[in-house]
Amino acid sequence: MDDSLAGAAAAREAAPRSDGWSRAETVFVWTCLAVLCSASVAYCVGYGSRVPFLDEFAYVERATGEAPLTPGWLWSQGNEHRFPLPRLLFTGAYAATGCDARSMTLANVVWLGGLSALLLRVVRRLRGRTRWTDAAIPFALLHPGHCGALLWGMTFTYVFATVLGAGLLLAMTRTGARPSAAAVWLVGLLLLAMVLSGANGLVFAPATFLWLGYVGVVRWRTGGPAGRSAARAAVAVVVLVSAVGGLYFVGYQPLTYTATDAAGGGLGVAVKASLAFLASAFGPAGRALWPYAGVAAGAVLAGTTVAVAVRFLRDRSGRGPALAGALCYLLGFATLAAAVGWGRRGYGVEGVLDNHYYSTMAAPLLFGTYFAWQVAGRGRLARGAQVALFALATAALAGNAPWAVEFGRWERARKAALEADVRAGLPVSQVSARHHQAVAFFHEDTCSAMEVMRRHRIGVFGQLRDDPPFRRESIPVSPTRVHEGRWEGGTFHAAGRDSYLVFALPRREFVRGVEVRIRHRNDAGMSPYLQFFWRDSSREEFAPARRYTHFVLPTHPDPAVMPVWVYATADEIKIQPDTRACEFTVESVTVITAEGDPSP
């Protein structure tokens with residue numbers, strides 16, 4: 001918006017209010033932001049732990065110098081994402097803080113609080129004053145439903161992309177009636193940073209290209225050196241981001257565990273999953289109020305998008321770039337919701353709502369639409385929409401507080417249990433066996449990272465005990481049971497989701513672990529979702545309580561070695577190699593025990 005237009009709008013908005021009331025509104029809004037930031041910091045410190053969690057263990061070796069920080073690792077795929085920029089920042093923060101996991105949760109507070117302050121200042125400039133409903137912005141970004149971002153540092157990747165997206169919104173809506181080449185390049189650099197911050201940033205590219213195309217055409221038609229320079233900049237940005245986005249898919253490997261091919265995962269399920277993602281903007285309260293929260297979320301996004309589109313099509317004031325920027329941002333966010341719904345449709349509504357870290361990714365539903373109404377709206381309709389968004393954000397603030405406390409206590413308890421086991425002298429493999437589902441996904445990665453932290457005396461891991469000398473016994477690679485498949489020459493030709501092999505161990509005994517050397521191949525070229533079970537056949541059936549899963553094993557001719565730490569009495573193991581048809585070769589199975597193990 002041009003400064004003259006902003007000044008006229010500010011004059012209309014500010015005139016009816018007294019200076020005293022305006023000051024009171026300003027104090028209220030900024031006090032809300034200060035209180036929420038302080039509460040978030042207290043939550044991070046009070047319930048957080050310096051113990052890394054899940055994917056964070058992958059950063060330990062790089063941060064300590066045990067493994068090189070290479071471009072290949074920065075660009076390597078993590079789940080569906082490539083996020084070299086957050087990885088670089090994350091590794092630097094870990095290196096600077098001695099791998100203290102709280103460093104990134106506190107960074108999340110800084111990013112979300114800083115974004116809230118920036119948006120409040122821009123809204124004030126657009127309107128000419130602060131309104132009490134502007135508190136919806138910090139409520140949306142810092143309500144207790146974001147507690148996952150305050151206790152799990154890896155959510156920095158989602159927080160960072162959300163903040164960059166908000167920066168993109170500001171850049172597209174504050175370029176004036178005739179965006180300069182510098183303004184276009186700013187939009188391009190923000191979009192490029194989003195693409196380098198994960199798939200959730202990449203999906204904003206098509207909608208941003210629409211804005212760049214619109215600006216390019218408008219500026220080319222205006223003529224003159226400045227107009228043509230801006231148009232050429234728009235073309236260059238599209239080419240550059242498209243090239244980087246294309247590289248994203250070179251060597252890209254879809255992952256089975258996302259369950260995108262799950263039975264019944266059609267378009268209807270994807271739409272429901274998208275609405276569930278949008279509802280997660282309200283935090284766990286969105287789950288409690290499902291499906292009403294999903295309907296409300298969809299209505300908020302659709303209604304705001306339509307209103308901005310109508311305003312853009314009817315505009316005759318020269319505010320086209322700003323209105324187009326708000327519209328394209330909303331379209332980009334809608335694309336993100338659709339992508340999450342399609343990619344996670346196999347999880348169903350409950351699975352999407354259970355992912356507490358989605359709340360930060362979905363936060364634009366509230367703060368983005370609020371800002372869009374400020375850019376495009378006029379009169380009672382815009383003010384009414386902002387009052388409604390304030391009410392929704394306030395409900396999220398109040399409704400999530402009890403859940404956040406409960407979640408914080410649970411998270412603190414399981415990290416404390418890990419630290420207690422390390423102090424009690426449990427060996428590294430047993431710590432991995434007891435806590436891999438709560439702390440890190442894969443035994444080999446967990447053990448390696450804990451060994452690094454022990455060598456560098458990071459936190460309680462300086463007290464970690466060595467594994468004792470192990471006894472290793474190879475068993476015949478001959479299954480005692482084959483289900484839904486064919487065993488031939490050491491290879492299992494699995495028919496699908498329920499195919500499995502059962503191997504008998506030499507005897508019923510206390511087993512520390514089992515190591516398998518395997519090869520895997522499926523026609524889709526996707527990593528398998530492998531499940532490994534163990535049991536004492538005299539007492540129990542195979543059950544999820546005695547299961548280990550691995551979903552990033554390679555699917556190519558080279559063998560992979562998978563250690564599974566058991567620490568239980570067992571005489572049978574069961575391997576379910578994939579959720580789809582595959583060829584699964586078992587080259588060796590080794591049982592791991594030690595002197596002094598308890599008798600069965």
Participant: Can a donor-acceptor pair be found, under 3.5 Å and without considering hydrogens, that links the side chain of Arg82 to the backbone of Trp75?
Facilitator: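 Checked: pair present.
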
Participant: Is the side chain of Arg319 donor-acceptor paired with the backbone N or O of Ala324 at a distance under 3.5 Å, no angle test?
Facilitator: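 No; judged by distance alone, with no hydrogens or angles, the pair does not exist.
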
Participant: Against Trp132, only a single residue in Phe28, Phe139, Phe390 fulfils ring-ring contact (aromatic ring centres under 6.0 Å, His included); can you say which?
Facilitator: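 Exactly one option meets the ring-ring contact (aromatic ring centres under 6.0 Å, His included) with Trp132, and it is Phe390.
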
Participant: So, Ser22 and Arg129: side-chain donor and acceptor under 3.5 Å apart, yes or no?
Facilitator: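 Not at all, the side chains of Ser22 and Arg129 share no donor-acceptor pair under 3.5 Å.
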
Participant: Leu366 versus Phe282: any side-chain heavy-atom pair under 4.5 Å?
Facilitator: yes

Participant: Considering all heavy atoms of both residues, which atom of Ala382 and which atom of Trp373 are nearest to each other, and what is their separation?
Facilitator: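 Reported closest heavy-atom pair: CA-CE3, 3.8 Å.
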
Participant: For residues 169-201, pull every pair meeting ring-ring contact (aromatic ring centres under 6.0 Å, His included), keeping only residues two or more places apart or in separate chains.
Facilitator: none

Participant: Is the side chain of Glu61 donor-acceptor paired with the backbone N or O of Ala449 at a distance under 3.5 Å, no angle test?
Facilitator: no

Participant: Only one of Tyr59, Phe83, Phe160 clears ring-ring contact (aromatic ring centres under 6.0 Å, His included) with Phe90; which?
Facilitator: Tyr59

Participant: Treating Thr155 as the side-chain partner and Tyr158 as the backbone partner, does any N or O pair qualify as donor plus acceptor under 3.5 Å?
Facilitator: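 Absent.
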
Participant: Quick one, Ile137 with Phe371, criterion side chain to side chain contact (heavy atoms under 4.5 Å, CB included). Give me CA distance, side-chain angles, the key distance, then yes/no.
Facilitator: CA-CA 9 Å; Ile137 292 173; Phe371 187 86; 5.6 Å; no

Participant: With no hydrogens and no angle check, just 3.5 Å: does a side-chain donor-acceptor pair link Glu80 and Tyr252?
Facilitator: no

Participant: If the threshold is 4.0 Å, N to carboxylate O, is there a salt bridge linking Arg127 and Asp134?
Facilitator: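 A salt bridge is present here (some side-chain N lies under 4.0 Å from a carboxylate O).
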
Participant: Using atom types as modelled, flag every donor-acceptor pair under 3.5 Å from a side chain in residues 193-208 to any protein atom, sequence neighbours excluded.
Facilitator:
residue	atom	partner	partner atom	Å
Ser197	OG	Ala193	O	2.7
Thr208	OG1	Phe204	O	2.8

Participant: Tell me which donor-acceptor pairs under 3.5 Å the side chains of residues 140-150 have, and how far apart each pair is, sequence neighbours excluded?
Facilitator:
residue	atom	partner	partner atom	Å
His143	ND1	Gly145	N	2.9
His143	NE2	His146	NE2	3.4
His143	NE2	Ala281	O	3.0
His146	ND1	Ser359	OG	3.0
His146	ND1	Thr360	OG1	3.4
His146	NE2	Ala140	O	2.7

Participant: So, using side-chain contact (heavy atoms from CB on, under 4.5 Å) as the criterion, who are the partners of Arg102 when residues are at least two apart?
Facilitator: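 Expected list: Arg50, Asp100, Thr105.
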
Participant: Please enumerate all residues that pass side-chain contact (heavy atoms from CB on, under 4.5 Å) together with Leu88, with sequence neighbours excluded.
Facilitator: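 For Leu88 the side-chain contact (heavy atoms from CB on, under 4.5 Å) partners, ignoring immediate neighbours, are Leu69, Leu74.
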
Participant: Just to verify, which of Met361, Arg344, Lys272 counts as forming a side-chain contact (heavy atoms from CB on, under 4.5 Å) with Phe277?
Facilitator: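 That would be Met361; it is the only one of Met361, Arg344, Lys272 passing the side-chain contact (heavy atoms from CB on, under 4.5 Å) with Phe277.
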
Participant: Tabulate below the donor-acceptor pairs under 3.5 Å that side-chain atoms of residues 222-241 make, not counting sequence neighbours, or state none.
Facilitator:
residue	atom	partner	partner atom	Å
Thr222	OG1	Arg219	O	2.6
Thr222	OG1	Arg219	NH1	3.0

